[in-house]
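Letters A, B, ... mirror the listed sequences (proteins, then strands); counts begin at 1. Note that the structure is a prediction, hence the values are computed from the model and not measured.
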Amino acid sequence: AGPPRAHDEL
Amino acid sequence: MNIFRLLGDLAHLASIFILVHKMHTTRSCRGISFKTQALYVLVFLTRYIDLLYTWISLYNFVMKVFFISSSGYILYLMKYRFRPTHDPSLDTFKVEYLVGPCFVLALIFNYRFEVTEILWTFSIYLEAVAIFPQLFMMQRTGEAETITTHYLAALGAYRALYIPNWIYRYFTEGTVDPIAVVAGIVQTGLYLDFFYVYVTKVLQGQKFELPA
(Lines give C-alpha, C1' and ligand atoms only; values in the text may rest on other atoms or scores of the structure.)
Protein backbone atom coordinates (compact mmCIF):
# COMPACT_ATOMS: atom_id res chain seq x y z
CA ALA A 1 0.00 0.00 0.00
CA GLY A 2 1.20 3.46 -0.82
CA PRO A 3 1.46 6.27 1.66
CA PRO A 4 -1.86 7.91 2.58
CA ARG A 5 -0.75 11.21 1.17
CA ALA A 6 -2.60 13.03 -1.57
CA HIS A 7 -0.22 12.90 -4.52
CA ASP A 8 -2.32 15.30 -6.54
CA GLU A 9 -1.97 18.24 -4.12
CA LEU A 10 0.52 21.04 -4.55
CA MET B 1 -10.41 19.05 -7.23
CA ASN B 2 -12.82 20.99 -5.08
CA ILE B 3 -13.54 24.69 -4.75
CA PHE B 4 -11.37 25.14 -1.64
CA ARG B 5 -8.31 23.68 -3.27
CA LEU B 6 -8.86 25.61 -6.46
CA LEU B 7 -9.23 28.85 -4.50
CA GLY B 8 -6.18 27.94 -2.44
CA ASP B 9 -4.06 27.35 -5.52
CA LEU B 10 -5.35 30.55 -7.10
CA ALA B 11 -4.44 32.47 -3.93
CA HIS B 12 -0.96 30.97 -4.16
CA LEU B 13 -0.65 32.06 -7.78
CA ALA B 14 -1.98 35.50 -6.89
CA SER B 15 0.58 35.89 -4.11
CA ILE B 16 3.42 35.30 -6.55
CA PHE B 17 2.01 37.73 -9.11
CA ILE B 18 1.57 40.36 -6.37
CA LEU B 19 5.16 39.90 -5.22
CA VAL B 20 6.63 40.14 -8.73
CA HIS B 21 4.39 43.11 -9.46
CA LYS B 22 5.58 44.85 -6.28
CA MET B 23 9.21 44.37 -7.22
CA HIS B 24 8.74 45.57 -10.79
CA THR B 25 6.61 48.63 -10.01
CA THR B 26 8.68 49.81 -7.05
CA ARG B 27 11.91 48.56 -8.69
CA SER B 28 12.77 47.26 -5.25
CA CYS B 29 12.63 44.18 -3.06
CA ARG B 30 12.62 46.24 0.11
CA GLY B 31 10.76 44.56 2.94
CA ILE B 32 10.99 41.10 1.38
CA SER B 33 13.06 38.42 3.08
CA PHE B 34 15.51 36.79 0.69
CA LYS B 35 15.83 33.90 3.12
CA THR B 36 12.12 33.13 3.03
CA GLN B 37 12.14 33.26 -0.77
CA ALA B 38 15.19 30.98 -0.92
CA LEU B 39 13.42 28.52 1.39
CA TYR B 40 10.47 28.42 -1.02
CA VAL B 41 12.81 27.44 -3.85
CA LEU B 42 14.08 24.61 -1.67
CA VAL B 43 10.49 23.65 -0.78
CA PHE B 44 9.40 23.46 -4.41
CA LEU B 45 12.50 21.63 -5.63
CA THR B 46 12.24 18.95 -2.95
CA ARG B 47 8.45 18.54 -3.24
CA TYR B 48 8.09 18.59 -7.00
CA ILE B 49 10.93 16.18 -7.72
CA ASP B 50 8.09 13.82 -8.67
CA LEU B 51 7.82 15.81 -11.89
CA LEU B 52 10.66 13.61 -13.08
CA TYR B 53 8.83 10.31 -12.70
CA THR B 54 5.08 10.84 -12.18
CA TRP B 55 2.33 12.28 -14.34
CA ILE B 56 -0.75 13.40 -12.43
CA SER B 57 -2.51 15.91 -14.63
CA LEU B 58 -1.81 18.84 -16.91
CA TYR B 59 -3.01 21.19 -14.16
CA ASN B 60 -0.65 19.61 -11.65
CA PHE B 61 2.28 19.69 -14.07
CA VAL B 62 1.79 23.30 -15.12
CA MET B 63 1.40 24.51 -11.53
CA LYS B 64 4.51 22.69 -10.34
CA VAL B 65 6.61 24.03 -13.19
CA PHE B 66 5.22 27.50 -12.53
CA PHE B 67 6.01 27.42 -8.79
CA ILE B 68 9.55 26.19 -9.35
CA SER B 69 10.32 28.68 -12.09
CA SER B 70 8.61 31.70 -10.50
CA SER B 71 10.36 31.13 -7.16
CA GLY B 72 13.67 30.91 -9.03
CA TYR B 73 12.82 34.09 -10.92
CA ILE B 74 12.05 35.91 -7.65
CA LEU B 75 15.44 34.87 -6.26
CA TYR B 76 17.08 36.14 -9.43
CA LEU B 77 15.30 39.49 -9.10
CA MET B 78 16.40 39.82 -5.49
CA LYS B 79 19.95 38.61 -6.03
CA TYR B 80 20.75 40.50 -9.25
CA ARG B 81 18.23 43.01 -10.66
CA PHE B 82 17.20 44.67 -7.42
CA ARG B 83 20.13 43.59 -5.27
CA PRO B 84 20.99 47.12 -4.02
CA THR B 85 17.48 47.44 -2.55
CA HIS B 86 17.88 44.38 -0.38
CA ASP B 87 19.23 45.00 3.12
CA PRO B 88 20.75 41.79 4.51
CA SER B 89 21.24 43.41 7.92
CA LEU B 90 17.45 43.22 8.41
CA ASP B 91 17.18 39.65 7.14
CA THR B 92 18.94 37.95 10.02
CA PHE B 93 16.86 34.92 10.91
CA LYS B 94 19.05 31.82 11.00
CA VAL B 95 17.60 29.44 8.39
CA GLU B 96 19.64 26.53 9.68
CA TYR B 97 17.30 26.55 12.71
CA LEU B 98 14.49 25.73 10.29
CA VAL B 99 16.15 23.48 7.71
CA GLY B 100 17.92 21.24 10.24
CA PRO B 101 14.95 20.40 12.48
CA CYS B 102 12.63 19.98 9.47
CA PHE B 103 15.02 17.47 7.96
CA VAL B 104 15.34 15.54 11.21
CA LEU B 105 11.54 15.53 11.62
CA ALA B 106 11.17 14.29 8.05
CA LEU B 107 13.57 11.42 8.81
CA ILE B 108 11.47 10.42 11.82
CA PHE B 109 7.89 11.19 10.78
CA ASN B 110 7.27 10.13 7.20
CA TYR B 111 5.02 7.73 5.33
CA ARG B 112 7.88 5.68 3.91
CA PHE B 113 11.60 5.71 4.50
CA GLU B 114 12.52 6.48 0.90
CA VAL B 115 14.53 9.36 -0.51
CA THR B 116 11.66 10.95 -2.43
CA GLU B 117 9.16 10.48 0.42
CA ILE B 118 11.58 12.05 2.92
CA LEU B 119 12.19 14.97 0.57
CA TRP B 120 8.44 15.45 0.14
CA THR B 121 7.91 15.33 3.91
CA PHE B 122 10.81 17.72 4.46
CA SER B 123 9.24 20.16 1.98
CA ILE B 124 5.91 20.03 3.82
CA TYR B 125 7.54 20.77 7.18
CA LEU B 126 9.81 23.44 5.74
CA GLU B 127 6.96 25.20 3.95
CA ALA B 128 5.10 25.43 7.25
CA VAL B 129 7.90 27.49 8.81
CA ALA B 130 9.49 29.14 5.75
CA ILE B 131 7.66 32.39 6.48
CA PHE B 132 9.60 32.88 9.75
CA PRO B 133 12.46 35.00 8.29
CA GLN B 134 9.86 37.25 6.62
CA LEU B 135 7.80 37.68 9.79
CA PHE B 136 10.99 38.18 11.82
CA MET B 137 12.09 40.92 9.44
CA MET B 138 8.74 42.71 9.75
CA GLN B 139 8.92 42.37 13.50
CA ARG B 140 12.31 44.10 13.42
CA THR B 141 11.26 46.97 11.17
CA GLY B 142 7.80 47.17 12.74
CA GLU B 143 6.11 47.98 9.43
CA ALA B 144 5.45 46.76 5.91
CA GLU B 145 4.43 48.26 2.60
CA THR B 146 0.74 47.69 1.82
CA ILE B 147 1.55 45.66 -1.29
CA THR B 148 3.78 43.38 0.79
CA THR B 149 0.89 42.76 3.17
CA HIS B 150 -1.36 41.83 0.22
CA TYR B 151 1.30 39.35 -0.86
CA LEU B 152 1.44 37.81 2.62
CA ALA B 153 -2.34 37.70 2.96
CA ALA B 154 -2.66 35.78 -0.33
CA LEU B 155 0.20 33.47 0.65
CA GLY B 156 -1.38 32.75 4.03
CA ALA B 157 -4.83 32.28 2.52
CA TYR B 158 -3.47 29.57 0.22
CA ARG B 159 -2.66 27.08 2.97
CA ALA B 160 -5.63 28.18 5.06
CA LEU B 161 -7.92 27.25 2.13
CA TYR B 162 -6.31 23.80 1.98
CA ILE B 163 -7.80 23.08 5.42
CA PRO B 164 -11.47 23.05 4.30
CA ASN B 165 -10.22 21.12 1.25
CA TRP B 166 -8.87 18.40 3.53
CA ILE B 167 -12.12 18.32 5.52
CA TYR B 168 -14.06 18.06 2.24
CA ARG B 169 -11.81 15.25 1.01
CA TYR B 170 -12.20 13.40 4.30
CA PHE B 171 -15.97 13.34 3.86
CA THR B 172 -16.06 12.72 0.10
CA GLU B 173 -13.04 10.42 -0.34
CA GLY B 174 -12.39 9.21 3.19
CA THR B 175 -8.74 10.18 2.90
CA VAL B 176 -6.62 11.95 5.49
CA ASP B 177 -3.02 13.01 4.98
CA PRO B 178 -1.92 13.65 8.58
CA ILE B 179 1.51 15.05 7.70
CA ALA B 180 0.07 17.65 5.34
CA VAL B 181 -2.85 18.43 7.65
CA VAL B 182 -0.80 18.98 10.82
CA ALA B 183 1.84 21.02 8.98
CA GLY B 184 -0.87 22.99 7.18
CA ILE B 185 -2.59 23.87 10.44
CA VAL B 186 0.73 24.98 11.96
CA GLN B 187 1.51 27.01 8.84
CA THR B 188 -1.85 28.75 8.94
CA GLY B 189 -1.49 29.35 12.67
CA LEU B 190 1.72 31.27 12.11
CA TYR B 191 -0.24 33.78 10.02
CA LEU B 192 -2.96 34.47 12.61
CA ASP B 193 -1.15 37.44 14.16
CA PHE B 194 -0.49 38.86 10.74
CA PHE B 195 -4.07 38.27 9.55
CA TYR B 196 -5.37 40.11 12.59
CA VAL B 197 -3.35 43.23 11.83
CA TYR B 198 -4.10 42.91 8.10
CA VAL B 199 -7.86 42.82 8.64
CA THR B 200 -8.03 45.44 11.39
CA LYS B 201 -5.57 47.88 9.83
CA VAL B 202 -4.65 47.37 6.16
CA LEU B 203 -8.18 46.50 5.00
CA GLN B 204 -9.41 49.61 6.86
CA GLY B 205 -7.06 51.72 4.78
CA GLN B 206 -4.35 52.13 7.41
CA LYS B 207 -0.68 51.37 7.16
CA PHE B 208 0.64 48.05 8.42
CA GLU B 209 2.39 48.96 11.65
CA LEU B 210 3.20 46.80 14.60
CA PRO B 211 3.03 48.18 18.11
CA ALA B 212 6.51 49.24 19.26
### Message
Using heavy-atom distances under 4.5 Å, tell me whether Val176(B) contacts chain A through its side chain, its backbone, both, or neither.
### Response
backbone
#### Entry: Heavy-atom side-chain proximity of Arg5(A) to Ile124(B) below 4.5 angstrom
no
### Message
With a 4.5 angstrom heavy-atom cut-off, is it the side chain or the backbone of Asn60(B) that approaches chain A, or both, or neither?
### Response
both
### Message
Tell me whether Phe195(B) at atom CZ has more than 12 heavy atoms from other residues, nucleotides or ligands lying less than 6.0 Å away.
### Response
yes
### Message
Out of Trp120(B), Trp166(B), Phe44(B), Phe67(B), return the one with the most heavy atom pairs under 4.5 angstrom to chain A.
### Response
Trp120(B)
### Message
Counting only heavy atoms not in His21(B) (residues, nucleotides, ligands), do more than 12 fall under 6.0 Å from its NE2?
### Response
no
### Task
Tell me, yes or no, whether the heavy-atom count around Tyr59(B) atom OH, taken from other residues, nucleotides or ligands under 6.0 Å, exceeds 12.
yes
#### Entry: Asn110(B), part contacting chain A, at a heavy-atom distance under 4.5 Å
neither
### Task
Starting at CD of Glu9(A), measure out to CG of Asn165(B) and round the result to the nearest 0.5 Å.
5.0 Å
### Message
I'd like to know which of Thr175(B), Asp9(B), Thr54(B) tops the heavy-atom pair count under 4.5 Å against chain A.
### Response
Asp9(B)
### Message
More than 12 heavy atoms of other residues, nucleotides or ligands under 6.0 Å from CZ of Arg81(B): yes or no?
### Response
yes
### Task
Flag yes if more than 12 heavy atoms outside Asp193(B) fall under 6.0 Å of its CG atom; otherwise flag no.
no
### Query
Roughly how far, to the nearest 0.5 Å, is the CG atom of Asp50(B) from the NE2 atom of His7(A)?
8.0 Å
#### Entry: Heavy-atom side-chain proximity of Tyr158(B) to Leu10(A) below 4.5 angstrom
no
### Task
Report the option among Met63(B), Arg169(B), Glu173(B) that has the most heavy-atom pairs separated by less than 4.5 Å from atoms of chain A.
Arg169(B)
### Message
Looking at Tyr53(B), I'd like to know if its OH atom is crowded, meaning that more than 12 non-hydrogen atoms belonging to other residues, nucleotides or ligands lie closer than 6.0 Å.
### Response
yes
